[in-house]
Amino acid sequence: MKYSIFKSICWLIVVFFTSSTIVFAQKKAMKKPNVIVILTDDMGYSDVGCFGSEIKTPNIDRLAQNGLSFTHFYNTGRCSPTRASLLTGLYPHQAGMGHLSTENYKELGYVDDLSKNAVTLAEVFKQAGYATYMTGKWHIAKNLKKEGDKSNWPCQRGFERYFGTLNGSGSYYDPGTLISNNTFITPGKDFYYTNAISDTTVKFIKEHKINKPFFFYVAYTAAHWPLHAPESEVQKYKGIYDKGWDATREARFTKLKKLGIISDKAVLTERGVSIPEWKDEKMKDWQVRRMEVYAAMIDVMDQGIGRIITALEQKGELDNTIIFYMHDNGGCAESLNSNQIEVPATAEQQLGKRYAKDSIFMGKQPLYSREGEFIRSGKGVMPGNVNSWVTYGEEWANVSNTPFRLYKHWTHEGGIASPLIIHWPKGITTKGMLNNQSTHLIDIMATCVDIAGIKYPKEFNGNAIQPYEGVSLQPTFHNKTIHRDYIFWEHEGNRAFRSGKWKLVSKTQKNKVFTLVDQNAWELYDMENDPTETKNVSSLYPDKVKKMSAVWEKEANRTIAKPWPWESKKVIKNNQ
């Protein structure tokens, strides 16, 4: 009898622990994934190692080697529109961000202040019980001052903790609009913004309590001008670019083909018309220095991404964290080569009031550093330190965008094509593979909602919410096909439309001016046989151009890209 009782007790204990183990395993299996979205600024298609670059990016390359790389991923061609589209899953005009947050047009798609009829990824994740964090560049709010409307600042759009800058660009040593949550702060000693973004991200991850998952948006300003980088990092690239842009571009093109990123059918586009052959360049030392600093900026960012990966590993969260890596637009050809003439510093400037009125909020060049040193710009000014304000120009942007033509602002491939790398050890079976399906920023919201099992709201904070536009990329994690009819673009009157292998695209003759001549200036490309847009076949397929352009027009009206301000020039003066 006693033995029977003892045996029964033992059996109950075994059943209890077995059941508990099963329940624990089930709970562990059901644990929602963490999500990290990494967005870089003004980097071209071939600027990371796994997409053809000579720049050292071992950590980004590691994400690609153990994840999935998309070779036909698209952004919107500009920073503010991309950030709005990424965070909301909408086309930028639907999110109110048809241009830049520094503008203020009358047209509904161009108010350039993030729409309240859209929800951000942070708002969606927070409502689903996630912790939400952000570090880096915001650039989708109209008001950037201490006073005034803060309803479109990060912490008011779903983020529980935020460290970064509200405006579009600035010094890496002393950025304007630097805030912690909603409080303006001053950079400390030895401050470098890229490292501050990385280190704060690591800090937030380490401090995160593991009783719930997190969503993290890491928005680097690297490698947006001005070209600023620690000298020790710049020295790592000494001699790398002495061969010039022609040879560097050819080397990247060869590597892209070897990696399988571009097809054997791809042709390297011609050098930009205003770019001389390297042998004819008269300021070689300056040009080399510009690219050395640019490369160092990306290298420093990659090192920071490595520290973020390490923090996830130490917390035991890497396998269950989805990491998205992407760029906000193509390489930037903006020159900023006008010389800033030195004038004596006033007493106010010496005290730290170093900017022309309100220019700190626009990301414009300061007159003096915090230490009162004059900041120089223009041709021949060697970049890198706090006293310089230089870009890398069209010459090197053409290299960044290898093998494509045109740049940020435009809707040809050089403006809108960028890498997408997704790393998720627990959820991706196609590790190390390349995917050539056409994908877009609008797909990130759809993918996150799908994977995390989140209900997307029809109403939020009393506002009706537009349905997201994208499709989930989760099928591609298992080598399956996604279905989509087309992708649409508009920026500054530059237009594009992709359906299957066909891409319709046009470029205005004059920036932000749309004329009757521009209306019919469509180019048509077969992207399977001509992925670098070198053979315009619009004259061979006039019916296809007519049909696709009609759908573009319909989509432009549906997504409120039209009516647009490029014809009317109706601008409201921004008094903020």
Side-chain angles (χ1 to χ4, degrees), residues 44-46 71-78 249-250 252-253 256-257 261-275 329-331 333 394 397-418 436-438 440 484-556 561-562 564 566:
Y45 186 80
S46 65
T71 60
H72 286 74
F73 178 73
Y74 290 112
N75 53 61
T76 71
R78 198 70 177 278
R249 201 160 175 258
E250 286 283 354
R252 288 194 180 191
F253 183 64
L256 280 163
K257 284 198 169 183
I261 301 291
I262 58 173
S263 74
D264 290 334
K265 297 176 182 178
V267 175
L268 182 62
T269 54
E270 295 181 4
R271 186 193 316 109
V273 294
S274 63
I275 305 171
N329 46 247
E394 183 181 2
N398 201 208
V399 172
S400 288
N401 287 344
T402 305
F404 305 123
R405 63 188 175 98
L406 291 179
Y407 316 97
K408 169 185 175 181
H409 295 264
W410 290 284
T411 54
H412 285 73
E413 295 291 283
I416 61 175
S418 59
N436 64 4
Q437 297 181 73
S438 295
H440 189 279
R484 75 170 348 118
D485 295 323
Y486 49 75
I487 305 175
F488 162 89
W489 289 269
E490 188 285 336
H491 186 65
E492 296 182 338
N494 302 305
R495 303 164 293 167
F497 186 84
R498 179 156 183 179
S499 180
K501 72 173 186 175
W502 296 103
K503 182 181 175 187
L504 194 69
V505 62
S506 73
K507 174 182 180 291
T508 59
Q509 293 181 316
K510 188 176 180 181
N511 186 36
K512 291 193 288 186
V513 175
F514 193 83
T515 67
L516 289 175
V517 174
D518 296 315
Q519 179 66 42
N520 297 311
W522 287 112
E523 302 165 18
L524 181 68
Y525 297 99
D526 176 350
M527 300 301 287
E528 283 184 5
N529 294 300
D530 181 24
T532 54
E533 301 172 315
T534 61
K535 298 173 184 175
N536 177 11
V537 295
S538 59
S539 62
L540 301 178
Y541 299 95
D543 290 343
K544 189 172 289 295
V545 171
K546 184 177 180 181
K547 183 179 178 181
M548 291 179 70
S549 62
V551 181
W552 184 93
E553 197 71 29
K554 181 180 177 181
E555 283 298 283
K562 295 187 80 175
W564 55 18
W566 319 127

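By convention here, the first residue in the shown sequence is residue 1.
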Could you check whether any side-chain heavy atom of [X] comes within less than 4.5 Å of a side-chain heavy atom of [Y], counting everything from C-beta outward?
{"X": "Tyr525", "Y": "Asn536", "value": "yes"}
{"X": "Trp489", "Y": "His440", "value": "yes"}
{"X": "Glu492", "Y": "Thr508", "value": "no"}
{"X": "Trp502", "Y": "Lys547", "value": "no"}
{"X": "Lys510", "Y": "Thr515", "value": "no"}
{"X": "Met548", "Y": "Leu524", "value": "yes"}
{"X": "His409", "Y": "Arg78", "value": "yes"}
{"X": "Ser506", "Y": "Asp518", "value": "no"}

Tell me if a side-chain donor or acceptor on [X] pairs with a main-chain N or O of [Y] at a distance below 3.5 Å.
{"X": "Arg498", "Y": "Ser438", "answer": "no"}
{"X": "Asn401", "Y": "Leu406", "answer": "yes"}
{"X": "Glu413", "Y": "Glu533", "answer": "no"}
{"X": "Lys257", "Y": "Asp264", "answer": "yes"}
{"X": "Glu490", "Y": "Gly493", "answer": "yes"}

Please find the pair of heavy atoms, one from [X] and one from [Y], that lie closest to each other, and give the distance.
{"X": "Pro542", "Y": "Ser539", "value": "CD-O, 3.6 Å"}
{"X": "Glu394", "Y": "Ile275", "value": "O-CD1, 3.5 Å"}
{"X": "Asn398", "Y": "Gly272", "value": "OD1-N, 3.3 Å"}
{"X": "Glu553", "Y": "Gln519", "value": "OE1-NE2, 4.0 Å"}
{"X": "Pro403", "Y": "Leu256", "value": "CD-CD1, 3.8 Å"}
{"X": "Asn75", "Y": "Gly77", "value": "OD1-N, 2.9 Å"}

Distance-only polar pair, side chains of Arg249 and Thr269, donor-acceptor under 3.5 Å: yes

Under 3.5 Å side-chain donor-acceptor pair for Glu555 and Tyr486: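 Yes, Tyr486 and Glu555 have a side-chain donor paired with an acceptor closer than 3.5 Å.
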
Between [atom1] of [X] and [atom2] of [Y], what distance do you get to the nearest 0.5 Å?
{"X": "Phe497", "Y": "Thr411", "atom1": "CZ", "atom2": "OG1", "answer": "13.0 Å"}
{"X": "Lys503", "Y": "His412", "atom1": "NZ", "atom2": "NE2", "answer": "6.5 Å"}
{"X": "Tyr407", "Y": "Asn329", "atom1": "OH", "atom2": "CG", "answer": "14.0 Å"}
{"X": "Asn436", "Y": "Ile262", "atom1": "CG", "atom2": "CD1", "answer": "13.0 Å"}
{"X": "Asp526", "Y": "Tyr541", "atom1": "CG", "atom2": "OH", "answer": "7.0 Å"}

Salt-bridge present (Arg405, Glu523; N to O < 4.0 Å): yes

Residue Lys554 excluded, over 12 heavy atoms near NZ under 6.0 Å: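 For Lys554, atom NZ is not crowded (no more than 12 foreign heavy atoms under 6.0 Å).
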
Test side-chain hydrogen bond (donor to acceptor under 3.5 Å, both in side chains) applied to Thr532 - qualifying residues, sequence neighbours left out: none

Parallel, tilted or perpendicular, as decided by the 30° and 60° cut-offs, for the rings of Trp552 and Trp564: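 Trp564 and Trp552: tilted rings.
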
Test applied, ring-ring contact (aromatic ring centres under 6.0 Å, His included); reference residue, Tyr45; option that passes from Tyr74, Phe404, Phe253: Phe404

